[in-house]
Structure formats: C-alpha cells, structure tokens
Visitor: 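First the structure, then my questions, so here it is.
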Amino acid sequence: SGAREFFLLTLRTTEITYRSILWLAADKPKDPDRQPEFALSIPPLSRTILDHLINVIFVLEDIPTRIDWYFKADWREARLELDRLSAEYGADSDWTDHLQKFRKYSDDGIGLLGIKATEAANPRLIPPWPNPGATPNFRVSGNSPLPPSRAFLKYLNDWFYADLSQQAHLSGSGLGKRSGILLTEYRTDPKSEERLIRYKKSQFGQVFSLTLSLITELDLELNLGLRNRIQYLWTTAAPYIAVADEICRKRYAALLGLSPSIQLARAPR
C-alpha cells in the first residue's frame with residue numbers, strides 16, 4: 001500500500017526537476033533572461049534526483065517493508081512538526097484552523113498506516129527514514145562484503161552525494177566549486193565563459209546519468225517495457241558523457257546484458 005504512489009510521484013518529481021535543469025542549462029532557443037550563470041543552480045536540483053535514485057534502490061530491496069517504513073517515518077516527522085507548531089502557536093487564534101486540519105490529517109494517518117498506540121503517544125519510537133549515507137551499510141555486518149546494490153549505493157554516496165551536498169550547502173569546498181567563477185577576477189578573465197561551459201556540461205552529464213539510472217532501476221525491477229530504449233540511451237551516451245560510461249560499466253552493463261562489443265571507449269573527462 002502506497003508503493004504505486006511512491007514510484008509515480010518519484011518519477012514525476014524527477015521529470016519536472018530534470019526539465020527545470022534543461023531550461024537552466026539550455027543554449028537554444030536563445031532567451032535574454034537566461035544567464036549562463038544559471039548553470040550554477042544545477043547541483044542542488046541534481047542532488048534531489050540523486051536522493052530519488054538512492055530511495056528507489058533502497059525501497060526496491062523489499063518493497064512492502066520499506067514502503068511501510070517510508071510512510072510511517074513521514075507520519076513521524078509530520079507529528080513532530082505538529083507538536084512544535086502547537087507548542088509555539090497553539091494559543092494564537094490565527095493558527096487555530098490550520099492546526100485543527102493538520103491534527104485531523106495526522107490522526108487519520110494513525111489508522112491508515114497502522115501506527116501503534118505507543119508510537120502515537122511517542123512518535124520518536126518510529127525509526128526515522130535513513131539518510132543516503134546510512135543506506136549502504138543498513139543491517140550489513142561490518143565484516144561482510146556489501147551486496148551489489150549496496151556497493152552501488154556506496155559509490156553514489158562517495159562520488160556524487162558528497163560533492164553535490166557540498167555545493168548545495170555551500171561548505172568551504174562547495175562554495176569554491178559552485179561559486180568561485182562569480183569572483184570578479186574570474187568573471188573578467190577571457191576564459192571564464194569557457195570554464196562555465198565546461199561546468200555546465202559536467203553538471204548536465206551527471207544529471208542525465210542519474211536520471212537514466214533511476215529509470216533503469218525501475219525498469220529492471222518492475223518491467224516497464226523500456227529495456228530496448230534504455231539500452232540504446234546508455235550505449236549512445238557512453239562515448240560522450242564520461243560519467244554515464246562509468247556508471248554503466250559499474251552497474252548497468254551486466255544487468256542489461258550489454259556485450260563488451262557495444263560498450264564504447266570512455267570519453268575523456
């Protein structure tokens with residue numbers, strides 16, 4: 001229960017995020033309101049697609065159990081938010097209507113999701129949904145090798161999530177990666193436009209690869225009838241997008257039955 005909605009909304013959110021990035025990164029049609037620097041806004045959006053991909057892989061391991069946990073964890077966060085709002089604004093008449101509707105929504109979830117009485121009284125008894133960094137080693141013994149899907153989750157966390165999180169949160173390294181080009185000395189440098197183009201190509205290649213990965217995971221598990229089109233996209237993209245080639249070799253070439261003869265040489269970064 002809820003799995004259909006989870007996968008549907010995940011795909012639709014991914015699509016609208018992908019299309020937003022397409023507009024930010026587009027060269028054509030020309031639009032005087034689209035500044036080249038808009039490409040610097042891609043990493044936080046790209047991270048949401050990566051979040052979706054990691055969630056999908058984690059849920060697909062055990063759909064009934066994980067979906068149940070996913071929505072109960074959502075109820076937990078909503079209930080805790082309701083408690084915070086009630087404590088802060090419960091005596092404010094302007095908030096009365098909103099808080100009453102929010103409480104009804106929360107109370108309806110108790111029966112719908114099978115929330116226990118003890119959990120309703122103390123929502124923190126429900127485990128929170130794991131963040132991406134916690135998924136690779138979830139219930140895996142420290143001495144055990146990671147199964148293939150978890151090894152891929154670790155790869156995504158190590159090589160994509162860390163970098164995109166830095167750029168989204170604007171930590172020291174993230175600020176430099178994402179915004180350094182906005183410094184006056186870089187903007188007046190004759191090569192600044194070339195650097196921005198390279199940055200945009202790199203970011204969009206990553207977005208394309210992560211989006212195709214999400215669709216591939218769903219097709220492999222749910223048989224959506226997209227296999228031939230997915231194979232075509234991976235083998236077409238690999239010669240031109242280095243990260244697509246790397247991801248395909250690391251996970252999808254074997255799962256999709258791509259023979260070495262159609263895996264083209266890695267493009268230079």
Visitor: Just so I know, are the side chains of Phe6 and Ile67 near enough to count as touching, which here means a heavy-atom distance under 4.5 Å?
Guide: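 Side chain of Phe6 against side chain of Ile67, heavy atoms only: contact under 4.5 Å found.
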Visitor: Charged N to carboxylate O below 4.0 Å: is that the case for Asp189 and Arg195?
Guide: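 Salt bridge between Asp189 and Arg195, a charged N being under 4.0 Å from a carboxylate O: yes.
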Visitor: Is there a chain of hydrophobic side chains (I, L, V, M, F, W, Y, each step under 4.5 Å between heavy atoms) that links Trp95 to Leu80?
Guide: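 The answer is no; the residues belong to distinct hydrophobic clusters.
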Visitor: Where the side chain of Thr235 meets the backbone of Gln231, is there a donor-acceptor pair that is under 3.5 Å apart?
Guide: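 Confirmed, Thr235 side chain pairs with Gln231 backbone.
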Visitor: Minimum heavy-atom separation for Phe102 to Ala78, with atom names?
Guide: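 Shortest heavy-atom separation between Phe102 and Ala78 comes out as CZ-O, 3.4 Å.
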Visitor: Could you list all the side-chain hydrogen bond (donor to acceptor under 3.5 Å, both in side chains) pairs where at least one residue sits in residues 117-134, not counting sequence neighbours?
Guide: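 Listed once each, the pairs are Asn55-Trp129.
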Visitor: Using the rule given for side-chain contact (heavy atoms from CB on, under 4.5 Å), can you reason through Tyr161 versus Asp51, listing the C-alpha separation, both sets of side-chain angles and the distance that settles it, and then say yes or no?
Guide: CA-CA 8 Å; Tyr161 200 79; Asp51 272 308; 3.5 Å; yes
Visitor: Going from CD on Gln100 to OG on Ser86, what distance comes out if it is rounded to the nearest 0.5 angstrom?
Guide: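 Going from the CD atom of Gln100 to the OG atom of Ser86 covers 10.5 Å.
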Visitor: Considering the options Val207, Thr13, Leu214, which one meets the side chain to side chain contact (heavy atoms under 4.5 Å, CB included) requirement together with Tyr18?
Guide: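 Option passing the side chain to side chain contact (heavy atoms under 4.5 Å, CB included) with Tyr18: Val207.
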Visitor: Checking Ser179 side chain against Gly176 main chain: does a donor-acceptor pair fall under 3.5 Å?
Guide: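 Here the side-chain-to-backbone pair does not exist.
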Visitor: Do Tyr105 and Leu9 share a hydrophobic cluster (ILVMFWY, side-chain heavy atoms under 4.5 Å, transitive)?
Guide: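 In one cluster with Tyr105: Leu9, no.
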Visitor: For Asp62, does its backbone N or O pair with a side-chain atom of Thr65 as donor and acceptor, under 3.5 Å?
Guide: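 Not a single qualifying donor-acceptor pair exists.
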Visitor: For Glu61 and Ser149, does a side-chain donor sit closer than 3.5 Å to a side-chain acceptor?
Guide: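 Per modelled atom types, Glu61 and Ser149 side chains form a pair under 3.5 Å.
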Visitor: Less than 3.5 Å apart, any donor N or O on the side chain of Glu217 or Tyr252 sitting next to an acceptor on the other?
Guide: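 Per modelled atom types, Glu217 and Tyr252 side chains form a pair under 3.5 Å.
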Visitor: Hey, any chance Leu60 and Ile49 share a hydrophobic cluster, counting ILVMFWY side chains that come within less than 4.5 Å of each other, even indirectly?
Guide: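 Linked within one cluster.
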Visitor: Test your reading of the model: is there a side-chain donor-acceptor pair from Arg178 to the backbone of Leu40, 3.5 Å cut-off?
Guide: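 Judged by distance alone, yes, a pair lies under 3.5 Å.
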Visitor: Do the side chains of Ile215 and Leu255 join up, straight or via other hydrophobic residues, at under 4.5 Å, putting them in one cluster?
Guide: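 Hydrophobic grouping puts Ile215 with Leu255.
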Visitor: Within the 4.5 Å heavy-atom criterion, are Leu99 and Lys104 side-chain neighbours or not?
Guide: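 With C-beta onward as the side chain, the pair stays apart.
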Visitor: Under the side chain to side chain contact (heavy atoms under 4.5 Å, CB included) test against Leu226, which residue among Asn228, Asn223, Leu224 passes?
Guide: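 Looking at Asn228, Asn223, Leu224, the match for Leu226 under the side chain to side chain contact (heavy atoms under 4.5 Å, CB included) is Leu224.
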Visitor: Can you confirm whether Leu220 sits close enough to Leu256 that some side-chain heavy atom of one is under 4.5 Å from a side-chain heavy atom of the other?
Guide: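 Answer yes - side chains close enough.
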Visitor: Can you give me the closest heavy-atom contact between Asp163 and Trp159, atom names plus distance?
Guide: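 Minimum heavy-atom separation between Asp163 and Trp159: CB-O, 4.4 Å.
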Visitor: Could you list who else is in Val140's hydrophobic cluster, with ILVMFWY side chains joined at under 4.5 Å, directly or through other members?
Guide: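 Joined to Val140, directly or through intermediates: Leu146.
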Visitor: Just checking Glu193: does its CD atom have more than 12 heavy atoms from other residues, nucleotides or ligands closer to it than 6.0 angstrom?
Guide: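 No.
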Visitor: Got Asp107 and Arg79 here, is their nearest side-chain heavy-atom distance under 4.5 Å?
Guide: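 Asp107 vs Arg79: side chains touch.
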Visitor: Identify the two heavy atoms, one from His52 and one from Thr14, that lie closest to each other, and give their separation to 0.1 Å.
Guide: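 Heavy atoms only, the tightest pair is CD2-OG1, 3.2 Å.
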Visitor: Is a salt bridge present between Glu88 and Arg84, judged by a nitrogen-to-oxygen distance below 4.0 Å?
Guide: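 The answer is no: the pair does not qualify as a salt bridge.
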Visitor: At what distance, to the nearest 0.5 angstrom, does OG of Ser209 lie from CG of Asp245?
Guide: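 Nearest 0.5 Å value for the OG-CG distance: 9.5 Å.
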Visitor: Check whether Leu50 and Leu22 end up in the same hydrophobic cluster, where Ile, Leu, Val, Met, Phe, Trp and Tyr are linked by side-chain heavy atoms less than 4.5 Å apart.
Guide: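 Yes, because Leu50 and Leu22 connect within a single hydrophobic cluster, where side-chain heavy atoms sit under 4.5 Å apart.
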Visitor: Within a radius of less than 6.0 Å around NZ of Lys177, do more than 12 heavy atoms belonging to other residues, nucleotides or ligands occur?
Guide: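 More than 12 heavy atoms, drawn from other residues, nucleotides or ligands, come within 6.0 Å of this atom.
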Visitor: Taking all heavy atoms of Gly2 and all of Phe71, pick out the closest pair and write down the distance.
Guide: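 For Gly2 and Phe71, the tightest heavy-atom pair comes out as O-CE1, 3.5 Å.
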Visitor: Taking atom CG of Leu210 and atom OG1 of Thr48, what is their separation to the nearest 0.5 Å?
Guide: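 OG1 of Thr48 is found 10.0 Å from CG of Leu210.
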Visitor: Any donor and acceptor pair, going by atom type alone, linking the side chain of Ser202 with main-chain N or O of Arg198 inside 3.5 Å?
Guide: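 No; judged by distance alone, with no hydrogens or angles, the pair does not exist.
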Visitor: Find the distance between CZ (Arg19) and CG (Leu45) and round it off to the nearest 0.5 Å.
Guide: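 The distance works out to 15.0 Å.
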Visitor: Does Leu164 offer a backbone N or O that forms a donor-acceptor pair with the side chain of Arg47 under 3.5 Å?
Guide: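 Between the backbone of Leu164 and the side chain of Arg47 there is no qualifying donor-acceptor contact (under 3.5 Å).
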Visitor: Please examine the side chains of Ile110 and Trp75, heavy atoms only from C-beta on, and report whether any two atoms are closer than 4.5 Å.
Guide: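 In short, these two side chains touch, coming nearer than 4.5 Å.
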Visitor: How far apart are the C-alpha atoms of Arg34 and Asp27, what are their side-chain angles, what is the distance that settles it, and do they pass the salt bridge (charged side-chain N to carboxylate O under 4.0 Å, His left out) test?
Guide: CA-CA 9 Å; Arg34 184 193 294 115; Asp27 297 315; over 6 Å; no
Visitor: Kindly say whether Pro136 contributes a backbone atom to a donor-acceptor pair with the side chain of Asn157 at under 3.5 angstrom?
Guide: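 Checking the backbone N and O of Pro136 against the side chain of Asn157, no donor-acceptor pair under 3.5 Å is found.
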Visitor: Can a salt bridge be assigned to the pair Asp108 and Arg103 using a cut-off of 4.0 Å between side-chain N and carboxylate O?
Guide: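 No, Asp108 and Arg103 are not salt-bridged.
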Visitor: If only atom types and distance count, is the side chain of Arg76 paired as donor or acceptor with the main-chain N or O of Ile126 below 3.5 Å?
Guide: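 Checked: pair present.
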Visitor: Under a 4.5 Å cut-off applied to non-hydrogen side-chain atoms, are Arg251 and Ile247 in contact?
Guide: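 The answer is no; the side chains never approach within 4.5 Å.
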Visitor: Decide yes or no for Leu85 and His98: does some side-chain heavy atom of the first lie under 4.5 Å from some side-chain heavy atom of the second?
Guide: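 Yes, side chains in contact.
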Visitor: So, taking the atom named OG in Ser192 and the one named CG in Leu182, what distance separates them when rounded to the nearest 0.5 Å?
Guide: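 Going from the OG atom of Ser192 to the CG atom of Leu182 covers 10.5 Å.
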Visitor: Once you round to the nearest 0.5 Å, how far does OG of Ser46 lie from CD of Gln203?
Guide: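 That separation rounds to 6.5 Å.
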Visitor: Should Phe7 and Leu222 be marked as a side-chain contact (heavy atoms from CB on, under 4.5 Å) after you check the CA-CA gap, both sets of side-chain angles, and the distance that decides it?
Guide: CA-CA 10 Å; Phe7 291 125; Leu222 305 179; 4.2 Å; yes
Visitor: May I have the step-by-step check of side-chain contact (heavy atoms from CB on, under 4.5 Å) for Ile57 and Phe152, ending in yes or no?
Guide: CA-CA 9 Å; Ile57 293 173; Phe152 186 60; 3.7 Å; yes
Visitor: When you look at Phe138 and Phe58, which way does the ring-ring contact (aromatic ring centres under 6.0 Å, His included) test go after all the steps?
Guide: CA-CA 10 Å; Phe138 178 74; Phe58 192 65; 5.4 Å; yes
Visitor: Could you report the tightest heavy-atom contact between Pro127 and Trp69, atom names first, then the distance?
Guide: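 Residues Pro127 and Trp69, closest heavy atoms: O-NE1, 2.9 Å.
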Visitor: For side-chain contact (heavy atoms from CB on, under 4.5 Å), just list the numbers for Ile241 and Phe208, CA-CA rounded to whole Å, side-chain angles, deciding distance to a tenth of an Å, and then say yes or no.
Guide: CA-CA 9 Å; Ile241 304 175; Phe208 173 86; 3.8 Å; yes
Visitor: If you draw the axis of the six-membered ring of Tyr155, does the NZ or CZ of Lys250 fall within 45° of it and under 6.0 Å from the ring centre?
Guide: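 Here Lys250 passes the 6.0 Å and 45° test against Tyr155.
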Visitor: Hey, are Trp234 and Thr216 close enough side-chain-wise for a donor-acceptor pair under 3.5 Å?
Guide: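 Indeed, the side chains of Thr216 and Trp234 share at least one donor-acceptor pair under 3.5 Å.
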Visitor: Of all the heavy-atom pairs spanning Ile115 and Ala120, show the shortest one and how long it is.
Guide: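 Closest approach of Ile115 to Ala120: CG2-N, 3.7 Å.
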Visitor: Going by atom types alone, do Ser173 and Gln166 pair a side-chain donor with an acceptor below 3.5 Å?
Guide: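 Yes, side-chain donor-acceptor contact under 3.5 Å.
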